[in-house]
There are 2 protein chains.
Amino acid sequence: MARRVSSPITDEQLATVARALANPARVRILRLLAAQDQCRGSEVFAQLPLAQSTISEHLRVLKQAGLISSHPVGTGMVYCLQRGPADQLLRAVGEIVDKVPECDTRAEGRHH
Amino acid sequence: MARRVSSPITDEQLATVARALANPARVRILRLLAAQDQCRGSEVFAQLPLAQSTISEHLRVLKQAGLISSHPVGTGMVYCLQRGPADQLLRAVGEIVDKVPECDTRAEGRHH
DNA sequence: CACCTCTATCGTCTATAGACGATAGACGAT
DNA sequence: ATCGTCTATCGTCTATAGACGATAGAGGTG
């Protein structure tokens, strides 16, 4: 029970990371990036059926949440997954889920 | 490579579960439930600094996302965590995160 | 230098989220 | 039967999310 690296994420922080995942387009982008390590912006723009400005906004949200990083390359940008916040979310949700005692809501009911 | 129980979650589905986690009050509720297996509604209402109607709405969202279940008991309700959707989220995010190649955005940049 | 490609930002619009109070409805207890 | 407690729903309001087109600006390329 030592090992408290990257302190226990707060409700706010967890909600913030979750909010970044709370949009199908952003999930799609993350999975795109996961499929190829890194990805040029123009490829991302080409893969989604959304306006370039919309996708750029999604990228901004993901970056702000720390889920991706970006750097300029040639005439464009390259986007890249980052583990940090996703790991925190995994750990926090994992801790919640591990507490589930298989109570599926019909134990010791009202049959008094 | 068999074992495809609860098929690979879609972008939409993952986003939906994430959206349920995308609010601090709901995270708080989940953690409350995790801390005590199950929880009477009145306790939940008492723990959060929000109107009862607001909390009831949050419980509805969590239930609709499949993250909790509920059943009547005595004169009230009991809420209870459910693993299913949270597990799917863990698996999906885990798969994304596992692909991260430690590219932290400054590799092979523009120093051509 | 002029051009062209790529990305970010701005302004706008619509839809959804999240909060509240008021109230309805279920159910046990008296 | 009446009452009191507990929860869900309704209506409303405000704030935020998410989409778009237009446009600005950075930075290679010819």
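A note on names: the letters A, B, ... follow the listed sequences, proteins ahead of strands, and every chain is numbered from 1. Just so it is clear, the values below take in all heavy atoms, side chains as well, and ignore hydrogens, waters and symmetry mates.
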Asker: With heavy-atom distances below 4.5 Å as the criterion, would you say the side chains of A:Ile96 and B:Arg83 are in contact?
Answerer: no
Asker: Can you pull the salt bridge (charged side-chain N to carboxylate O under 4.0 Å, His left out) pairs that have at least one residue in residues 52-65 of chain A, sequence neighbours excluded?
Answerer: A:Glu57-A:Arg60
Asker: For residues 43-52 of chain B, which residue pairs pass the side chain to side chain donor-acceptor pair (under 3.5 Å) check, not counting sequence neighbours?
Answerer: none
Asker: From A:Thr10 OG1 over to A:Gln88 CD, what is the distance, rounded to the nearest 0.5 angstrom?
Answerer: 9.0 Å
Asker: Might you list the N or O atoms of the protein lying below 3.5 Å from N or O atoms in nucleotides 13-16 of chain C, with each pair's distance?
Answerer:
none

Asker: Using atom CZ of A:Phe45 as one end and atom C1' of D:dC20 as the other, report the distance to the nearest whole Å.
Answerer: 14 Å
Asker: Does the side chain of B:Leu21 reach to within under 4.5 Å of the side chain of B:Leu89, using non-hydrogen atoms?
Answerer: yes
Asker: Dot-bracket for DNA chain C, 5' to 3', with Watson-Crick and G-U pairs under 3.5 Å, [ ] for crossing pairs and | for other-strand pairs: what is it?
Answerer: ||||||||||||||||||||||||||||||
Asker: Can you check whether A:Arg40 reaches A:Val78 side chain to side chain, under 4.5 Å on heavy atoms?
Answerer: yes
Asker: Do other residues, nucleotides or ligands put more than 12 heavy atoms under 6.0 Å from the CD atom of A:Gln36?
Answerer: yes
Asker: Taking only N and O in the side chain of A:Tyr79, is any of them less than 4.0 Å away from OP1 or OP2 of C:dC6?
Answerer: no
Asker: Over how many whole Å does the gap from A:Arg40 atom CZ to C:dC6 atom C1' extend?
Answerer: 9 Å
Asker: How long is the gap from CE on B:Met77 to CG on B:Leu59, to the nearest 0.5 Å?
Answerer: 9.0 Å
Asker: Just N and O in the side chain of A:Asn23: are any of them under 4.0 Å from OP1 or OP2 of D:dA17?
Answerer: no
Asker: According to a 4.5 Å side-chain heavy-atom criterion applied to Ile, Leu, Val, Met, Phe, Trp and Tyr, with indirect links allowed, do A:Val27 and A:Leu32 form part of one hydrophobic cluster?
Answerer: yes
Asker: If you measure from CG on B:Leu30 to CG on B:Leu62, what distance do you get to the nearest 0.5 Å?
Answerer: 5.0 Å
Asker: Tell me which residues in residues 48-64 of chain A lie within less than 4.0 Å of DNA chain D, going by non-hydrogen atoms.
Answerer: A:Leu50, A:Ala51, A:Ser53, A:Thr54, A:His58
Asker: Considering only residues two or more places apart or on different chains, which pairs with a residue in residues 9-19 of chain B satisfy salt bridge (charged side-chain N to carboxylate O under 4.0 Å, His left out)?
Answerer: A:Arg31-B:Asp11
Asker: In whole angstroms, how far is the P atom of D:dA19 from the CZ atom of A:Arg28?
Answerer: 13 Å
